[in-house]
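Structure first, commentary second.
The residues of the chain are indexed from 1 along the displayed sequence. Just so it is clear, the structure is predicted and the values come from calculations on it, not from any experiment.
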Amino acid sequence: MTSLAQLLRPSGSEVRELVLRETDPARAAEFEQLCLGPALTLLALFAIVVCAVVVTPFRILRRLGSRR
C-alpha cells in the first residue's frame, strides 16, 4: 500500500525542474524572500496553505492513476 507521503513526494523530474529554475539567474526574482511585514507574511502563508489544500487531492489522484 502506498503512503500519503509517497503520493505527495515530487518526482525526480519535478525536483530537477525546480532546481534548474532556482539556480537560473534570469529567474532569481521569482524566489525572493517574503519581506512584507508580519501581517502580509501571514496572509501569504495562509494563501500557500489554501493552494496546497486545493492542489493536494489532484496530485494524489494523478499519482494513484499513474500506478495502475
Side-chain angles (χ1 to χ4, degrees):
M1 180 169 192
T2 305
S3 74
L4 183 60
Q6 288 172 329
L7 292 173
L8 295 174
R9 185 174 294 130
S11 67
S13 62
E14 290 172 324
V15 172
R16 180 174 163 70
E17 285 178 38
L18 182 61
V19 168
L20 290 174
R21 275 192 8 228
E22 286 186 11
T23 57
D24 182 0
R27 300 183 117 188
E30 294 177 23
F31 297 96
E32 290 182 17
Q33 292 182 344
L34 293 175
C35 299
L36 308 171
L40 291 177
T41 298
L42 287 174
L43 183 62
L45 289 173
F46 178 74
I48 291 167
V49 169
V50 168
C51 290
V53 167
V54 170
V55 170
T56 297
F58 295 106
R59 194 172 176 86
I60 291 171
L61 289 173
R62 184 182 73 195
R63 288 287 177 99
L64 287 174
S66 67
R67 295 193 191 275
R68 292 181 184 174

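- Rounded to the nearest 0.5 Å, atoms CG (L7) and CZ (R59) are 10.0 Å apart.
- The shortest distance between side-chain heavy atoms of S11 and R63 falls below 4.5 Å.
- Between L8 atom CG and T56 atom OG1 the span is 5.5 Å, to the nearest 0.5 Å.
- Counting only heavy atoms from C-beta outward, the side chains of D24 and R21 never approach each other to under 4.5 Å.
- Nearest heavy-atom pair, T41 versus G37, reported as atom, atom and distance to 0.1 Å: OG1-O, 2.7 Å.
- Contact check for R9 versus S3: no side-chain heavy atoms found under the 4.5 Å cut-off.
- By the criterion of side-chain heavy atoms lying less than 4.5 angstrom apart, applied directly or through intervening Ile, Leu, Val, Met, Phe, Trp or Tyr residues, L64 is grouped together with L4 in one hydrophobic cluster.
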